[in-house]
A.B. asks: 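Structure incoming, see below.
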There are 2 protein chains.
Amino acid sequence: MARKARKPLTRDRVLRAAMALADKDGIEALSMRRLGQELGVEAMSLYNHVANKDDLLNGMLEVVLHEMEIPGDGVHWKAALRLHAVSAHAAFRRHSWACQLAVSPPSLDRVLDVQIRQMEWKLARLRDGLSDHLVYHGLHALDSHITGFTLWQQSHQITADNVGDLAAQFLRMFPADEYPRTYEHVEQHMTGFGSDTNAFEFGLDLILTGLERLHEGDPGVTVER
Amino acid sequence: MARKARKPLTRDRVLRAAMALADKDGIEALSMRRLGQELGVEAMSLYNHVANKDDLLNGMLEVVLHEMEIPGDGVHWKAALRLHAVSAHAAFRRHSWACQLAVSPPSLDRVLDVQIRQMEWKLARLRDGLSDHLVYHGLHALDSHITGFTLWQQSHQITADNVGDLAAQFLRMFPADEYPRTYEHVEQHMTGFGSDTNAFEFGLDLILTGLERLHEGDPGVTVER
DNA sequence: ACCTGAACACCGTTCAAGT
DNA sequence: ACCTGAACACCGTTCAAGT
């Protein structure tokens with residue numbers, strides 16, 4: 001039997017293993033002991049490559065943020081922001097633990113470089129098409145949609161292991177006569193009334209087009225200032 | 001000295017104490033041992049009134065959901081949904097731990113009655129003004145804004161104890177020449193360029209007005225179907 | 001320089017034992 | 001019926017000790 005030639009432990013290898021574990025078994029399964037085990041090492045060894053667990057989580061988030069697309073300057077501001085938002089959503093869906101981390105950062109006293117660079121880019125592109133006031137609120141609307149929709153979507157996700165329970169509960173709790181709208185809505189979800197990818201883009205377009213309309217001075221769009 | 005006449009422990013008293021603790025010290029400070037201590041009882045006693053910690057968290061969330069306003073039938077669908085969304089946002093802000101719970105429920109196999117009733121109401125009101133297809137996506141856009149914006153807002157919250165660190169880091173990380181837009185944006189936040197309550201309503205109005213426009217067959221609003 | 005074992009202060013939860 | 005003490009199987013993290 002071949003002797004297992006263990007590769008030397010590095011911060012990068014620790015991060016990758018942690019991401020793989022979180023992707024597979026969920027972020028709640030990621031413990032220092034379990035991660036060490038996965039790497040064939042005692043948990044305490046990890047502290048040679050990572051300051052602590054928060055540092056580990058921060059590092060994992062950083063990798064995911066780098067997976068998000070930043071279109072070049074040739075693209076129109078609205079299309080560019082749309083592309084970025086869609087790729088951000090996709091990255092968060094690939095790593096279901098990441099959006100949670102992005103929105104409730106383990107250590108509030110650290111901001112990642114990549115986060116600031118993305119923010120700067122988004123603000124610059126918004127400014128290409130909108131006034132100061134709309135840029136300010138537009139960033140909030142855009143960012144909150146990216147993370148908010150993703151989290152909301154995850155909370156409604158039906159995973160393979162709870163689909164049976166949910167189906168049974170569904171019939172018990174949503175009787176068609178008592179909750180007709182909800183029954184219909186859930187039915188629409190199950191019959192593919194709208195695909196999941198389009199749901200994200202639907203809200204995204206409401207925001208982007210709404211912003212553009214406001215900039216054009218559309219009086220029909222009422223927003224207090 | 002007066003003998004402390006301890007009120008009998010009930011599920012309700014446990015829930016209230018847990019909420020008070022989470023409101024004060026954050027959800028991460030809420031442990032069964034700490035909660036028992038707060039109630040003058042051993043942690044194990046709590047299991048007589050609560051099935052387990054997930055049940056406790058579910059109960060806490062339920063109380064918060066009941067704090068959200070459901071306007072009567074006299075109100076126009078758009079105004080009614082707006083009022084509900086604003087009151088939901090306010091409830092989540094009063095209990096900063098609740099939105100996290102709503103969006104990543106501790107036990108996925110349980111849906112709260114109040115959640116279904118609210119969903120039914122929202123769908124009915126949306127249907128008062130919109131077509132089937134818009135109701136379907138409209139609910140997603142609305143719900144994801146309520147929880148998503150709140151979570152996003154919380155992640156950017158500056159609390160009293162980290163304001164010093166952030167101010168220092170701010171100057172170090174956002175040099176005006178390197179990140180001019182971000183610098184300006186953060187400055188706008190600090191000088192009250194837009195108040196926080198309006199930020200939520202800004203995005204809310206983009207969604208509600210956008211939905212209405214789509215229903216009126218506005219060709220300028222491009223959304224794939 | 002990196003890894004380890006033992007230890008510390010925490011968790012949620014069970015269960016037999018008390019009243 | 002309700003509360004408790006001891007215990008179990010977990011956490012993150014420290015630190016002296018090994019190589």
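All heavy atoms count here, side chains included; hydrogens, waters and symmetry mates do not. Keep in mind the model is a prediction, meaning the values are calculated, not measured. Lettering of chains follows the sequences in order, A, B, ..., and the numbering in each one begins at 1.
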A.B. asks: Quick one: does A:Q153's side chain have a donor or acceptor within less than 3.5 Å of a partner on A:R93's backbone?
C.D. replies: no
A.B. asks: Take the protein atom CE of A:M32 and the nucleotide atom P of C:dA9, then report the distance between them rounded to whole Å.
C.D. replies: 20 Å
A.B. asks: Please compare A:A29 and A:A51 by the position of their nearest nucleotide in DNA chain D and report the one closer to 5'.
C.D. replies: A:A29
A.B. asks: Closer than 4.0 angstrom, basic N to acidic O: yes or no for A:R94 and A:D23?
C.D. replies: no
A.B. asks: Watson-Crick or G-U wobble partner for C:dC3, using a 3.5 Å limit on both distances?
C.D. replies: none
A.B. asks: So, OP1 or OP2 of D:dC2: does either fall under 4.0 Å of a side-chain N or O from B:S45?
C.D. replies: no
A.B. asks: Taking the ring of B:H189 and the ring of A:Y136, is the distance between their centroids below 6.0 Å?
C.D. replies: yes
A.B. asks: To the nearest Å, give me how far apart CZ (A:R13) and C1' (C:dC2) are.
C.D. replies: 14 Å
A.B. asks: Both distances below 3.5 Å, Watson-Crick or wobble geometry, any strand: find the nucleotide opposite D:dG12.
C.D. replies: C:dC8
A.B. asks: Partner lookup for D:dA17, please. Criteria are Watson-Crick or G-U wobble with both distances under 3.5 angstrom; report none if nothing qualifies.
C.D. replies: none
A.B. asks: So does B:H49 get a side-chain nitrogen or oxygen closer than 4.0 Å to the phosphate oxygens (OP1/OP2) of D:dA1?
C.D. replies: no
A.B. asks: Rounded to whole angstrom units, what separation is found between the CZ atom of B:R34 and the C1' atom of C:dT13?
C.D. replies: 20 Å
A.B. asks: What is the distance, rounded to the nearest whole Å, between atom CD of B:E42 and atom P of D:dT4?
C.D. replies: 5 Å
A.B. asks: Could you walk me through whether A:H89 and A:H145 pass ring pair (Phe, Tyr, Trp, His ring centres under 6.0 Å), step by step?
C.D. replies: CA-CA 10 Å; A:H89 180 244; A:H145 180 68; 8.1 Å; no
A.B. asks: If only atom types and distance count, is the side chain of A:H156 paired as donor or acceptor with the main-chain N or O of A:W152 below 3.5 Å?
C.D. replies: yes
A.B. asks: CG of B:L35 versus P of D:dC3: gap in Å, rounded?
C.D. replies: 13 Å
A.B. asks: Where each residue is assigned the nucleotide of DNA chain C containing its nearest heavy atom, which of A:R33 and B:M44 is assigned the position nearer the 5′ end?
C.D. replies: A:R33
A.B. asks: What integer distance in Å separates A:Y47:OH from C:dC2:C1'?
C.D. replies: 16 Å
A.B. asks: For the side chain of A:S31, counting heavy atoms from C-beta on, which of D:dT4, C:dC11, D:dC11 is nearest?
C.D. replies: D:dC11
A.B. asks: Nearest whole angstrom, please: distance from the P of C:dC2 to the CG of A:N48.
C.D. replies: 7 Å
A.B. asks: Roughly, in whole Å, what's the span from CD in B:E28 to P in C:dC10?
C.D. replies: 15 Å
A.B. asks: Please tell me which of the listed nucleotides, C:dC3, C:dT13, D:dC11, lies nearest to the side chain of A:L9?
C.D. replies: C:dC3
